[in-house]
Undergrad: 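Here you go, one structure.
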Amino acid sequence: QVRVEESGGGLAEAGGSLRLSCAVSTTAFTTNAVGWYRQAPGEQREWVASIRRNGSTNYADSVKGRFSVSRDDAENTIYLQMERLKPEDTAVYYCKLETVYGGTWWGQGAQVTVSS
């Protein structure tokens with residue numbers, strides 16, 4: 001059993017910022033990669049950003065330059081810093097953990113709502 005838990009969602013105004021946290025039960029040694037995804041009502045779940053074991057990051061074009069993903073290995077926590085938020089960023093954000101053993105686990109999601 002692996003724990004993946006998002007927190008930090010909430011309300012923000014357009015142009016504002018929020019930071020999401022993803023606390024995982026795996027250690028940096030066993031964590032291969034962490035991805036952030038989001039799903040708006042009536043839309044497909046889409047990939048937003050990811051950070052790999054070697055520290056490299058990638059971002060979807062829609063958030064590039066505004067979002068950044070980082071990690072705190074000591075606390076087994078991955079962050080998604082969201083800046084200059086737009087109403088179209090409104091969605092449920094999910095954290096996906098990939099272990100070095102090939103397993104994949106999803107968090108339950110955190111709601112992010114950005115007002116116009």
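Position 1 is the first residue of the sequence, and the numbers go up from there. When reading the values below, keep in mind they use all heavy atoms of this one structure, side chains included, and skip hydrogens, waters and symmetry mates.
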Undergrad: Looking at side-chain heavy atoms only, is the closest gap between V24 and I78 below 4.5 Å?
TA: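 Yes, their side chains come closer than 4.5 Å.
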Undergrad: Establish, from distance only, whether the side-chain atoms of T31 and T26 form a donor-acceptor pair under 3.5 Å.
TA: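 Side chains of T31 and T26: pair found under 3.5 Å.
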Undergrad: Is the number of heavy atoms from other residues, nucleotides or ligands within 6.0 Å of CD (Q108) greater than 12?
TA: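 Incorrect, the count does not exceed 12.
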Undergrad: Hey, what do you get for CZ (R66) to CD (Q81), rounding to the nearest 0.5 Å?
TA: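 R66 CZ to Q81 CD: 12.0 Å, rounded to 0.5 Å.
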Undergrad: Among residues two or more places apart or on two chains, list those pairs meeting salt bridge (Lys or Arg N to Asp or Glu O under 4.0 Å) that have a residue in residues 99-108.
TA: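 Residue pairs passing salt bridge (Lys or Arg N to Asp or Glu O under 4.0 Å), neighbours aside: none found.
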Undergrad: Validate the cation-pi geometry between R19 and Y79: distance from NZ or CZ to the six-membered ring centre under 6.0 Å, angle to the ring axis within 45°.
TA: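 So R19 does make the cation-pi contact.
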Undergrad: Following the transitive rule for hydrophobic clusters with a side-chain heavy-atom cut-off under 4.5 Å over Ile, Leu, Val, Met, Phe, Trp and Tyr, establish whether Y37 and M82 coincide in one cluster.
TA: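 No, separate clusters.
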Undergrad: Are R53 and F29 in a cation-pi contact, defined as NZ or CZ under 6.0 Å from the six-membered ring centre and within 45° of the axis?
TA: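 R53 over F29 ring: yes.
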Undergrad: If you measure from the Lys or Arg side-chain nitrogens to the Asp or Glu carboxylate oxygens, is any gap between K86 and D89 under 4.0 Å?
TA: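 So K86 does not pair with D89 through a salt bridge.
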Undergrad: Please test T90 against V112 for side-chain contact (heavy atoms from CB on, under 4.5 Å), starting from the C-alpha separation and ending with a verdict.
TA: CA-CA 5 Å; T90 296; V112 171; 5.9 Å; no
Undergrad: Any side-chain heavy-atom pair from C95 and W36 closer than 4.5 angstrom?
TA: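 Sidechains of W36 and C95: in contact.
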Undergrad: If I take atom OH from residue Y94 and atom CH2 from residue W106, how far apart are they, to the nearest 0.5 angstrom?
TA: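 So the OH of Y94 and the CH2 of W106 are separated by 9.0 Å.
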Undergrad: Check the hydrophobic clustering (I, L, V, M, F, W, Y; side-chain heavy atoms under 4.5 Å; chains of links allowed) and say if I51 and V2 are grouped together.
TA: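 The answer is yes; both residues are in one hydrophobic cluster.
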Undergrad: So how far is it from S50 OG to R52 CZ, rounded to the nearest 0.5 Å?
TA: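 Rounded to the nearest 0.5 Å, the OG-CZ separation comes to 7.0 Å.
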Undergrad: Could you grab the distance from atom OG of S21 to atom CZ of R71, nearest 0.5 Å is fine?
TA: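 One finds 15.5 Å between OG of S21 and CZ of R71.
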Undergrad: If you round to the nearest 0.5 Å, how far is OG1 of T77 from CG of L20?
TA: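 Taking CG in L20 and OG1 in T77, the distance rounds to 12.5 Å.
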Undergrad: Would you indicate whether E13, at its atom CD, is surrounded by more than 12 heavy atoms from other residues, nucleotides or ligands within a distance under 6.0 Å?
TA: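 12 or below, so no.
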Undergrad: Do R38 and W47 meet the cation-pi criteria used here (NZ or CZ under 6.0 Å from the six-membered ring centre, within 45° of the axis)?
TA: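 Verdict for W47: no cation-pi partner in R38.
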